[in-house]
Amino acid sequence: MPRPLDDDRGSAAVEFVLVGLILTFLTLGVLQLALVVYVRNVLHDAAVDGAYVGARADNEPADGAERTARLIEVALGGGLEPRVDAAVVAGPSGQRVRVSVAATLPLLGFLGVPESLEVAAHAPRESFD
């Protein structure tokens with residue numbers, strides 16, 4: 001007569017559920033990390049484009065900030081509520097336009113800590129001189 005502790009019947013189903021949960025959470029974590037990297041890259045690329053738009057001789061830095069905000073809105077929607085700032089700063093080779101973006105760091109989907117992800121981009125200021 002087998003003892004109850006020696007009986008393996010039903011253990012495969014329990015192991016499948018436990019391993020399945022671990023793999024599911026691991027997969028979701030990797031997807032969330034990919035989303036964070038994607039959001040950071042979109043913010044940085046939008047800031048770079050906005051800095052070059054704001055640095056043109058016939059534009060103001062505010063034009064670059066507006067361009068950056070529009071690019072972020074198109075690429076990511078309105079869930080991150082970015083704060084976009086643009087200013088002219090002094091650089092080693094002359095004036096530069098600096099566009100900085102502060103947005104929500106997505107921790108669970110697009111939910112996260114507001115204004116904890118910050119990127120900045122610079123572009124040399126052009127002139128007609």
Side-chain angles (χ1 to χ4, degrees):
M1 178 163 173
R3 294 186 339 207
L5 295 178
D6 293 336
D7 191 7
D8 286 347
R9 287 181 290 165
S11 65
V14 174
E15 289 174 4
F16 176 77
V17 170
L18 293 176
V19 171
L21 283 174
I22 291 171
L23 289 177
T24 300
F25 284 120
L26 183 64
T27 302
L28 291 175
V30 169
L31 290 174
Q32 186 64 40
L33 179 63
L35 177 65
V36 169
V37 170
Y38 173 73
V39 166
R40 187 229 171 258
N41 286 340
V42 166
L43 294 177
H44 185 262
D45 289 345
V48 167
D49 191 63
Y52 278 102
V53 167
R56 286 191 279 190
D58 57 342
N59 286 348
E60 295 297 320
D63 297 329
E66 181 182 331
R67 169 78 174 174
T68 301
R70 272 196 324 248
L71 288 172
I72 294 170
E73 178 70 27
V74 167
L76 299 175
L80 296 180
E81 302 174 5
R83 178 180 46 85
V84 181
D85 299 318
V88 176
V89 296
S93 60
Q95 291 186 335
R96 297 184 301 173
V97 172
R98 180 179 193 269
V99 173
S100 61
V101 180
T104 301
L105 176 65
L107 297 176
L108 183 61
F110 279 106
L111 301 175
V113 183
E115 295 191 11
S116 58
L117 180 60
E118 187 167 341
V119 295
H122 297 86
R125 181 91 169 131
E126 297 176 355
S127 67
F128 289 122
D129 296 334

- Message: Please determine whether residues V101 and Y52 belong to a single hydrophobic cluster, defined as Ile, Leu, Val, Met, Phe, Trp and Tyr linked transitively by side-chain heavy-atom distances below 4.5 Å.
- Response: no

- Task: Return the set of residues passing side-chain contact (heavy atoms from CB on, under 4.5 Å) with E73 (not counting sequence neighbours), or none when no residue passes.
- Result: none

- Item | Exercise: identify the closest heavy-atom pair between A46 and I72 | CB-CG1, 3.7 Å

- Query: Mind checking who shares a hydrophobic cluster with L111, ILVMFWY linked at side-chain heavy-atom distances under 4.5 Å?
  - Reply: none

Can you give each donor-acceptor pair under 3.5 Å made by side-chain atoms of residues 11-24, sequence neighbours left out, with the distance rounded to 0.1 Å?
{"unit_1": "S11", "atom_1": "OG", "unit_2": "D8", "atom_2": "O", "d": "2.9"}
{"unit_1": "T24", "atom_1": "OG1", "unit_2": "G20", "atom_2": "O", "d": "2.7"}

Can you give each donor-acceptor pair under 3.5 Å made by side-chain atoms of residues 32-44, sequence neighbours left out, with the distance rounded to 0.1 Å?
{"unit_1": "Q32", "atom_1": "OE1", "unit_2": "G109", "atom_2": "N", "d": "2.9"}
{"unit_1": "Q32", "atom_1": "NE2", "unit_2": "P106", "atom_2": "O", "d": "3.1"}
{"unit_1": "Q32", "atom_1": "NE2", "unit_2": "G109", "atom_2": "O", "d": "3.2"}
{"unit_1": "N41", "atom_1": "ND2", "unit_2": "V37", "atom_2": "O", "d": "3.4"}

- Query: Listed by chain and number, what are the salt bridge (charged side-chain N to carboxylate O under 4.0 Å, His left out) partners of D49, not counting sequence neighbours?
  - Reply: R67

- Report the hydrophobic cluster partners of V30, with the cluster defined as I, L, V, M, F, W, Y residues connected by side-chain heavy atoms closer than 4.5 angstrom, directly or transitively. none

- Message: Which heavy atom of A123 sits nearest to which heavy atom of A55, and what is that distance?
- Response: CB-CB, 3.8 Å

- Item | Shortest non-hydrogen separation from A51 to A121 and the atoms involved | CB-O, 3.9 Å

- Group every Ile, Leu, Val, Met, Phe, Trp and Tyr by side-chain heavy-atom contacts under 4.5 Å, then state whether L107 and V119 land in the same group. yes

- Note on the structure: For L26, the other hydrophobic cluster members (4.5 Å side-chain criterion, sorted by chain and number) are none

- Query: Taking the hydrophobic residues Ile, Leu, Val, Met, Phe, Trp and Tyr, and joining any pair whose side-chain heavy atoms are under 4.5 Å apart, which ones share a cluster with F128?
  - Reply: none

- Would you kindly confirm whether L31 and L76 end up in one hydrophobic cluster when ILVMFWY residues are joined by side chain heavy atoms under 4.5 Å apart? no

- Backbone N or O of G54 within a donor-acceptor pair of the R125 side chain at under 3.5 Å? yes

- Query: Taking only residues two or more places apart in sequence, or in another chain, which ones meet R83 in a salt bridge (charged side-chain N to carboxylate O under 4.0 Å, His left out)?
  - Reply: D85, E115

- Note on the structure: T104 meets the side-chain contact (heavy atoms from CB on, under 4.5 Å) criterion, sequence neighbours left out, with L80, P114

- Item | Student check: side-chain heavy atoms of E66 and V53 closer than 4.5 Å | no

- Query: Restricting to pairs with a member in residues 98-113, which pass salt bridge (Lys or Arg N to Asp or Glu O under 4.0 Å), not counting sequence neighbours?
  - Reply: none

- Task: Apply the side-chain contact (heavy atoms from CB on, under 4.5 Å) test between H122 and each candidate in V97, V89, V99; give the one that qualifies.
- Result: V89

- Task: Sort and list the pairs that fulfil salt bridge (Lys or Arg N to Asp or Glu O under 4.0 Å) and have at least one residue in residues 55-65, not counting sequence neighbours.
- Result: none

